[in-house]
There are 2 protein chains.
Amino acid sequence: MSVNRSSKTKTAIIKSAMELFAAHGYKGTSVRKIASKVGIRESALYNHFKNKEAIFLTVCADIFTTPFSKKNVQEDAKKGKKFLANFVVQYKLVSFDANKERLFRIMMIELLQDKTLRKNFLNEFHHHNIALLSEAFFVMMQSGLIRSSDPMFTANEFLAPLFYYRLQITLLRIDAEPTTALSTLFEKHVDFFWESVAL
Amino acid sequence: MSVNRSSKTKTAIIKSAMELFAAHGYKGTSVRKIASKVGIRESALYNHFKNKEAIFLTVCADIFTTPFSKKNVQEDAKKGKKFLANFVVQYKLVSFDANKERLFRIMMIELLQDKTLRKNFLNEFHHHNIALLSEAFFVMMQSGLIRSSDPMFTANEFLAPLFYYRLQITLLRIDAEPTTALSTLFEKHVDFFWESVAL
DNA sequence: AATTTATATGAACGGTTGTTCTTTTAGATA
DNA sequence: TATCTAAAAGAACAACCGTTCATATAAATT
């Protein structure tokens, strides 16, 4: 099948493009540099993608896919601290995943320039997590596990440090600097947070 | 004095350049667009600045100037919650200052692409605040105002949400969306945090 | 008022950008 | 093996980039 060769270079294009976009952003990445990295000419790219933006959109396709499902939140939240610990473990895994990290870099670079990305960040990334955590905290409050308060605000206070630590890790890893000191922050955050809300 | 006319256009260049850099980043801002916004030709820019980078560096000159001085921390920290409330008030003022907001946007856009900026962010922005807060929390712990813990970690937990809220405000304001819901988060954070650490 | 000095203009440069086109090449089909 | 098809190459394009330079202009100095 001719599909094989075609899809093979298409995959190579996406891979190379992702690395370049993550390093230099959309404007800083030219179609020639992508093609060169793949090992083909720039004109050959157009056999696989309509234009540069199409490449970018394909690269960014699952930039907001999240491991956090709303499924079973009502039940899982009753586990209290264990629920939060599990949430943080998954958040940490994503933070240290090479591919997810590249997408995170792209997101942070384009976040302030691309309105669509910005909207998706707030909806898919922020609000999704806040909604999930809010629901969980609401359950915990009703179950008497934590002290009563505004669940959404509690969710914000819990999520914010995770994002900040992830950003720091990303920044350090760009320059290949060690992140060992930061990796324990996630678990410490759960302990600190739980101590402050638990009844 | 000829200085007058010169410095007038130089100021205009910096102003226009800052707005464009904040909106479209370094690569997305051309010297022609800066000149056009000022109302002069691109060649005239070079009478005031050596090159594009010199304009950018001038714009970014006080990107990391902070209202938080280490002066009197030892004494002020003894006020406990009031110290934190004051810190947050200043942080909030900076977040809603139009000029500081533009610089913050530029910083966030270039942070993942410009190594120097990244280094300065970690040193001047992050570590500076963490050092200041660490010192304050250490004093509070010794004074018996808050429960003993790692001061630096406590500082991280206190600072992280502030940054996250500021980022959200920035993102919303780019699209001219209301930020009223977010403006109260700063004060709520102080209350929430103090309740979790106070003895 | 005449001269000097600094700022603005307009054209031009070499280079890069995204994209399109025709031609060549290589793999799949018959 | 001959034919068809899809991917690659190579050249070219118009537009834009940062920067330079000779020239014109307006302001400041004498």
Side-chain angles (χ1 to χ4, degrees), chain A residues 1-61 106 109-110 112-117, chain B residues 1-61 106 109-110 112-117:
Chain A
M1 284 182 285
S2 72
V3 183
N4 240 324
R5 183 162 72 123
S6 177
S7 71
K8 207 166 188 176
T9 58
K10 189 163 185 172
T11 307
I13 291 166
I14 294 169
K15 182 173 147 58
S16 294
M18 190 185 291
E19 288 172 18
L20 289 169
F21 283 137
H24 310 106
Y26 183 81
K27 285 165 192 156
T29 303
S30 68
V31 290
R32 276 174 182 80
K33 281 177 191 160
I34 298 172
S36 170
K37 200 175 171 83
V38 174
I40 56 176
R41 293 265 139 157
E42 63 271 16
S43 51
L45 284 180
Y46 290 85
N47 288 322
H48 304 275
F49 294 94
K50 189 191 152 202
N51 52 26
K52 185 187 177 184
E53 201 195 353
I55 301 174
F56 183 74
L57 291 177
T58 305
V59 166
C60 294
I106 296 172
I109 294 173
E110 304 302 328
L112 285 91
Q113 303 178 255
D114 187 329
K115 183 162 182 172
T116 307
L117 203 71
Chain B
M1 284 181 286
S2 71
V3 183
N4 239 323
R5 182 162 73 122
S6 177
S7 72
K8 207 167 188 177
T9 58
K10 189 162 185 174
T11 307
I13 291 167
I14 293 169
K15 183 173 145 58
S16 294
M18 190 186 290
E19 289 172 17
L20 289 170
F21 284 137
H24 309 106
Y26 183 80
K27 286 165 191 155
T29 303
S30 68
V31 290
R32 276 173 182 81
K33 281 178 190 160
I34 297 171
S36 170
K37 200 175 171 83
V38 174
I40 57 175
R41 293 267 140 156
E42 62 270 17
S43 50
L45 285 179
Y46 291 85
N47 288 322
H48 304 276
F49 294 94
K50 188 192 154 202
N51 52 25
K52 186 187 176 184
E53 202 195 351
I55 301 174
F56 183 74
L57 290 177
T58 305
V59 165
C60 294
I106 295 173
I109 294 174
E110 304 301 327
L112 285 92
Q113 304 177 255
D114 186 329
K115 183 161 183 172
T116 307
L117 203 70

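Residue numbering restarts at 1 for every chain, and letters A, B, ... go by the order of the sequence lines. Just the heavy atoms: all of them, side chains too, but no hydrogens, waters or symmetry mates, feed the values below.
The nearest pair of heavy atoms linking Val31(B) to Leu45(B) is O-CD1, 3.3 Å. Smallest separation of non-hydrogen atoms from Ala54(A) and Thr58(A): O-OG1, 2.7 Å. Pairing each heavy atom of Arg32(A) with each of Glu42(A), the nearest pair is NE-OE2, 3.5 Å.
The phosphate of dG10(C) (OP1 or OP2) has a side-chain N or O of Arg41(B) nearer than 4.0 angstrom.
Residues Ile106(A) and Val59(A) have side chains in contact (heavy-atom distance under 4.5 Å, counting atoms from C-beta outward).
Regarding Lys27(B), its NZ atom lies at a distance of 14 Å from the C1' atom of dC17(D), rounded to whole Å. Taking atom CZ of residue Arg32(A) and atom C1' of nucleotide dA9(D), one finds them 13 Å apart after rounding to whole Å. Atom NZ in Lys8(B) sits about 17 Å away from atom C1' in dA6(C), given to the nearest Å. Rounded to an integer number of Å, the gap from Glu42(B) CD to dA11(C) P is 11 Å. To the nearest angstrom, C1' of dA6(D) lies 13 Å from CD1 of Ile40(A). Regarding Leu20(B), its CG atom lies at a distance of 12 Å from the P atom of dC17(D), rounded to whole Å.
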Assess whether side chain to side chain contact (heavy atoms under 4.5 Å, CB included) is satisfied between Phe49(A) and Ile14(A), documenting all intermediate values. CA-CA 10 Å; Phe49(A) 294 94; Ile14(A) 294 169; 3.9 Å; yes
N/O contacts under 3.5 Å, protein versus nucleotides 21-25 of chain D?
none

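Screening Thr11(A), Ile55(A), Thr29(A), Val38(A) for a side chain to side chain contact (heavy atoms under 4.5 Å, CB included) with Ser16(A), the sole residue that qualifies is Val38(A).
Between Tyr26(B) and Phe56(B), the ring planes are perpendicular. Angles over 60° get that label, and only those under 30° would be called parallel.
No more than 12 heavy atoms of other residues, nucleotides or ligands sit less than 6.0 Å from atom NZ of Lys15(A).
Applying a 4.0 Å cut-off to non-hydrogen atoms, the residues of residues 45-58 of chain A that approach DNA chain D are Asn47(A), His48(A), listed by residue number.
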